[in-house]
Each structure stands twice: as structure tokens, then as C-alpha cells.
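As a basis for the values below, the full set of heavy atoms in this structure was taken, side chains included, without hydrogen atoms, waters or symmetry mates. Numbering starts at 1 and runs along the sequence shown.
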Amino acid sequence: CVSASTDGSTIIWDLETYTRNQIVLANTLFKCVCFGARGDHILTSGSDHKIGYWDVQDGAALRELQGAKNGAINAMDISCDGQSYITGGEDRLLKLWSYNEGNV
């Protein structure tokens with residue numbers, strides 16, 4: 001399980017032990033977070049217009065994309081096959097992204 005907060009933290013939780021497995025901190029107000037299809041990455045978005053790819057094991061930033069020209073990215077979901085994801089935000093655009101290539 002993973003949670004995102006407007007305090008700039010995203011936490012990966014262990015639901016069996018009710019403890020944190022990993023915490024990711026960034027200079028943004030996180031709006032949403034999703035697990036990648038294989039479960040080894042999380043994707044975040046927020047008020048900084050960016051989409052972040054993070055490693056689940058060590059919390060390292062793997063990639064950062066410019067997700068919007070202005071406004072926060074408020075919603076995101078990943079396809080079942082993990083090949084693409086969709087974002088929506090304050091710019092009133094829905095964007096379909098390639099997961100591996102990171103392009104629209």
C-alpha cells in the first residue's frame with residue numbers, strides 16, 4: 001500500500017506489520033501516487049507539475065518528467081498491463097503516457 005500527502009511525503013506501507021517500508025520526500029505537495037505494474041516502482045505527481053518515478057526498495061528518484069505546463073497534476077492511473085498511464089490536472093488535459101519511454 002502507498003499513500004501520498006501534501007506535506008511532501010509518500011509512504012510505502014507494510015500492511016501485515018502496519019509499519020513503513022520506505023518514505024519518499026520531495027519539494028512538492030503530492031496529489032497522487034500509483035504503484036507500477038510490476039510493483040518495483042511508484043509514480044507520483046503533485047503541485048510541481050512533475051511526474052516522478054521512484055524505486056520502491058530504496059526510495060531513489062529514477063526519473064522525473066514535466067507533466068504539465070501549469071497547474072498541479074491531480075489524478076493518475078496505470079494500465080493493467082503496465083505499458084501506459086494517464087494523468088489529469090488543473091490544465092484540464094488528460095494525457096496518455098508511455099510508461100517506459102515517458103512520452104505522451
Side-chain angles (χ1 to χ4, degrees):
C1 179
V2 64
S3 62
S5 176
T6 57
D7 68 358
S9 68
T10 292
I11 300 173
I12 302 167
W13 298 93
D14 182 330
L15 294 181
E16 291 180 9
T17 62
Y18 304 108
T19 59
R20 292 186 301 218
N21 279 351
Q22 191 58 253
I23 187 166
V24 172
L25 299 171
N27 190 21
T28 187
L29 305 174
F30 284 124
K31 299 287 188 165
C32 56
V33 62
C34 296
F35 268 106
R38 295 184 313 228
D40 53 352
H41 300 138
I42 57 171
L43 272 66
T44 60
S45 64
S47 63
D48 63 355
H49 324 285
K50 296 181 180 155
I51 299 165
Y53 289 59
W54 306 86
D55 186 87
V56 169
Q57 295 301 314
D58 62 8
L62 302 172
R63 180 190 292 180
E64 187 174 84
L65 304 174
Q66 188 67 30
K69 291 183 181 178
N70 56 33
I73 301 169
N74 297 322
M76 177 173 21
D77 199 13
I78 297 178
S79 65
C80 294
D81 64 6
Q83 297 298 309
S84 59
Y85 61 96
I86 193 164
T87 60
E90 293 175 2
D91 59 2
R92 298 182 182 177
L93 296 174
L94 290 176
K95 296 180 182 178
L96 183 63
W97 299 80
S98 168
Y99 186 89
N100 291 325
E101 287 80 25
N103 54 26
V104 176

Examine distances only and state if a side-chain atom of [X] and a backbone atom of [Y] form a donor-acceptor pair shorter than 3.5 Å.
| X | Y | answer |
| --- | --- | --- |
| Gln22 | Gln57 | yes |
| Arg63 | Ile51 | no |
| Ser84 | Ser79 | no |
| His49 | Gly67 | no |

With sequence neighbours excluded, residues passing side-chain hydrogen bond (donor to acceptor under 3.5 Å, both in side chains) with Ser47: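 Thr28.
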
Could you go through the side-chain contact (heavy atoms from CB on, under 4.5 Å) check for Glu90 and Asn70 one step at a time? CA-CA 7 Å; Glu90 293 175 2; Asn70 56 33; over 6 Å; no

Determine whether Gln83 and Asn100 satisfy the following criterion, side-chain contact (heavy atoms from CB on, under 4.5 Å), listing intermediate values before the conclusion. CA-CA 7 Å; Gln83 297 298 309; Asn100 291 325; 4.2 Å; yes

How long is the span from the [atom1] atom in [X] to the [atom2] atom in [Y], to the nearest 0.5 Å?
| X | Y | atom1 | atom2 | answer |
| --- | --- | --- | --- | --- |
| Leu93 | Thr87 | CG | OG1 | 8.5 Å |
| Ser3 | Phe30 | OG | CZ | 10.5 Å |
| Leu96 | Ile86 | CG | CD1 | 6.0 Å |

Given the rule that I, L, V, M, F, W and Y join up when any side-chain heavy atoms are under 4.5 Å apart, are [X] and [Y] in one cluster?
| X | Y | answer |
| --- | --- | --- |
| Ile23 | Leu15 | yes |
| Leu25 | Trp13 | yes |
| Val56 | Val24 | yes |

Name the atoms and distances for all side-chain donor-acceptor pairs under 3.5 Å in residues 34-43, with sequence neighbours left out.
{"residue": "Arg38", "atom": "NH2", "partner": "Asp40", "partner atom": "OD2", "Å": "3.3"}
{"residue": "His41", "atom": "ND1", "partner": "Tyr99", "partner atom": "OH", "Å": "3.1"}

Heavy-atom pair of closest approach, residues [X] and [Y]:
| X | Y | value |
| --- | --- | --- |
| Lys31 | Ala72 | CE-CB, 4.0 Å |
| Val33 | Thr10 | CG2-CG2, 3.8 Å |
| Ser98 | Tyr53 | O-OH, 4.1 Å |
| Lys95 | Ala68 | NZ-CA, 3.9 Å |
| Gly102 | Leu65 | O-CD1, 3.5 Å |

Residues, nucleotides or ligands: over 12 heavy atoms within 6.0 Å of Asp7 CG: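 Check passes, neighbour count above 12.
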
